[in-house]
Every structure is written in structure tokens, then in C-alpha cells.
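Step one of this worksheet: look at the structure below.
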Amino acid sequence: MMTDDELKQRLSESGIGLTTQRLAIARYLLCEAEHRTANEVYEHVEGTLSVVSKATVYNTLGLFVEAGLVREVRGGPQDPVRYDGNMALHHHLRDIASGKLIDIPYEDIEIANLEALKKRY
């Protein structure tokens, strides 16, 4: 888990100005939670800060994506966009029972017929 000083440094290095709201959103996405929707981020941050708007959360998420701090994960056309603070190369596996997304390290998955797929596509 990152300290507040480390979070501030990471935001600053990404060219993002520091505000209480941005720090709270960064702390939640980068230290506490995985694969959260914008509404889940809003609900969490609203519970920890006295004032935050949905617009601030949505704008900050867009800013974080643009800066490369988080990425958008889209599971399908009916699924909400989720935000992932794990920027390492990895796969996602969805637990059908819970709907939870699970990170799988990139090198842990092998495609047995990769060469045939390359020829086909």
C-alpha cells in the first residue's frame, strides 16, 4: 500500500494537480479496491469526504485514464466500465457466480494454438 506522500508523488509525476478529492479517489483505486465502477468510486469517496460530486469523480477518472494511472476495463456491452489500477500486463477472469474480476498475470496463461490463430487472423 502506498503512503499519502507516495500517492501525491505519483499524481504529481503524472501531471495531475493535487486536490483532496483526487487523492481520495487515487487512494481508493490504487491502494484499496480493484475493478470498481464510477458509481462505486463515488459512493466510497462520498462516504469519506464531506463534499464530492459525481461530476468530480467522473472527470477525475477520465483524467487518471488519460494520465495512465488506471485503465478502463470493459467486460461486455451490458457491463459497466470498471477502473483498474493494476497497470502491469495482465488478463482478467470473471467469476461467473460473483461477477468479480480477477487479475491473472500475463505470463500465467498460454494459448495452445497461438500459431494456428496467427495464421488464421
Side-chain angles (χ1 to χ4, degrees):
M1 181 140 151
M2 285 186 263
T3 66
D4 278 353
D5 286 339
E6 291 169 329
L7 275 174
K8 289 175 184 178
Q9 181 178 351
R10 191 154 177 207
L11 291 175
S12 293
E13 288 172 352
S14 298
I16 296 173
L18 300 177
T19 66
T20 303
Q21 292 87 354
R22 288 176 180 170
L23 281 171
I25 294 166
R27 184 178 304 107
Y28 186 56
L29 285 176
L30 302 176
C31 301
E32 300 173 24
E34 294 181 347
H35 311 112
R36 298 299 180 192
T37 66
N39 282 335
E40 290 169 336
V41 173
Y42 170 73
E43 289 170 8
H44 176 81
V45 173
E46 182 187 39
T48 61
L49 297 178
S50 57
V51 177
V52 68
S53 69
K54 278 192 175 185
T56 296
V57 170
Y58 278 85
N59 289 336
T60 300
L61 290 171
L63 185 64
F64 285 6
V65 169
E66 190 176 304
L69 289 173
V70 300
R71 72 179 68 179
E72 292 180 343
V73 177
R74 299 174 186 269
Q78 302 301 319
D79 294 337
V81 173
R82 297 187 173 274
Y83 295 88
D84 188 359
N86 179 357
M87 297 304 287
L89 194 56
H90 67 283
H91 301 280
H92 290 109
L93 177 70
R94 181 183 301 274
D95 179 334
I96 299 297
S98 69
K100 181 180 177 183
L101 289 178
I102 301 164
D103 287 344
I104 308 253
Y106 183 79
E107 62 277 358
D108 286 359
I109 293 183
E110 291 183 28
I111 300 174
N113 61 341
L114 185 58
E115 291 306 315
L117 288 172
K118 285 180 181 178
K119 290 177 186 174
R120 188 170 178 185
Y121 298 99

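Values in this document were obtained by computation on a predicted structure and should not be read as measured data.
- Under the rule for a side-chain contact (heavy atoms from CB on, under 4.5 Å), the partners of Lys118 that lie at least two apart in sequence or sit in another chain are Leu114, Glu115.
- Every pair passing ring-ring contact (aromatic ring centres under 6.0 Å, His included) that includes a residue from residues 22-54 is listed here, sequence neighbours excluded: Tyr28-His44, His35-His92.
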Run the side chain to side chain contact (heavy atoms under 4.5 Å, CB included) check on Arg27 and Thr48 step by step: do they pass? CA-CA 11 Å; Arg27 184 178 304 107; Thr48 61; over 6 Å; no

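- Between the CG atom in Asn86 and the CG atom in Leu30 there is a gap of 10.5 Å [rounded to 0.5 Å].
- Here the side chains of Leu69 and Arg10 are in contact, with some heavy-atom distance below 4.5 Å.
- In this structure, CD on Glu43 lies 7.5 Å from NZ on Lys54, to the nearest 0.5 angstrom.
- Partners of Arg22 by side chain to side chain donor-acceptor pair (under 3.5 Å), not counting sequence neighbours: none found.
- For Glu34, the side chain to side chain donor-acceptor pair (under 3.5 Å) test picks out no residue, with sequence neighbours left out.
- The side-chain contact (heavy atoms from CB on, under 4.5 Å) test applied to Ser50 returns no partner, not counting sequence neighbours.
- Residues meeting the side-chain contact (heavy atoms from CB on, under 4.5 Å) test with Ser12, sequence neighbours left out: Leu18.
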Expected list for residues 70-78: side-chain donor-acceptor pairs under 3.5 angstrom, two or more places apart:
| from | atom 1 | to | atom 2 | distance (Å) |
| --- | --- | --- | --- | --- |
| Arg71 | NH2 | Met87 | O | 2.8 |
| Glu72 | OE1 | Arg74 | NH2 | 2.9 |

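- Sequence neighbours left out, not one pair with a member in residues 100-112 passes salt bridge (Lys or Arg N to Asp or Glu O under 4.0 Å).
- Within the 4.5 Å cutoff, no side-chain heavy atoms of Asp4 are placed close to those of Leu23.
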For residues 55-68, which side-chain donor-acceptor pairs fall under 3.5 Å, sequence neighbours excluded?
| from | atom 1 | to | atom 2 | distance (Å) |
| --- | --- | --- | --- | --- |
| Thr56 | OG1 | Ser53 | OG | 2.9 |
| Tyr58 | OH | Asn39 | OD1 | 3.4 |
| Asn59 | ND2 | Ala55 | O | 3.1 |
| Thr60 | OG1 | Thr56 | O | 2.7 |

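- The side-chain heavy atoms of Met2 and Gln9, taken from C-beta on, include no pair separated by under 4.5 Å.
- Residues forming a salt bridge (Lys or Arg N to Asp or Glu O under 4.0 Å) with Arg94 (at least two apart in sequence, or on another chain): Asp79.
- A distance of 11.5 Å separates NZ of Lys119 from CG of Asn113, quoted to the nearest 0.5 Å.
- Under the side-chain contact (heavy atoms from CB on, under 4.5 Å) criterion, Ile109 pairs with His91, Ile104, sequence neighbours left out.
- In this structure, Tyr106 shares a hydrophobic cluster with Leu89, the cluster being traced through Ile, Leu, Val, Met, Phe, Trp and Tyr side chains under 4.5 angstrom apart.
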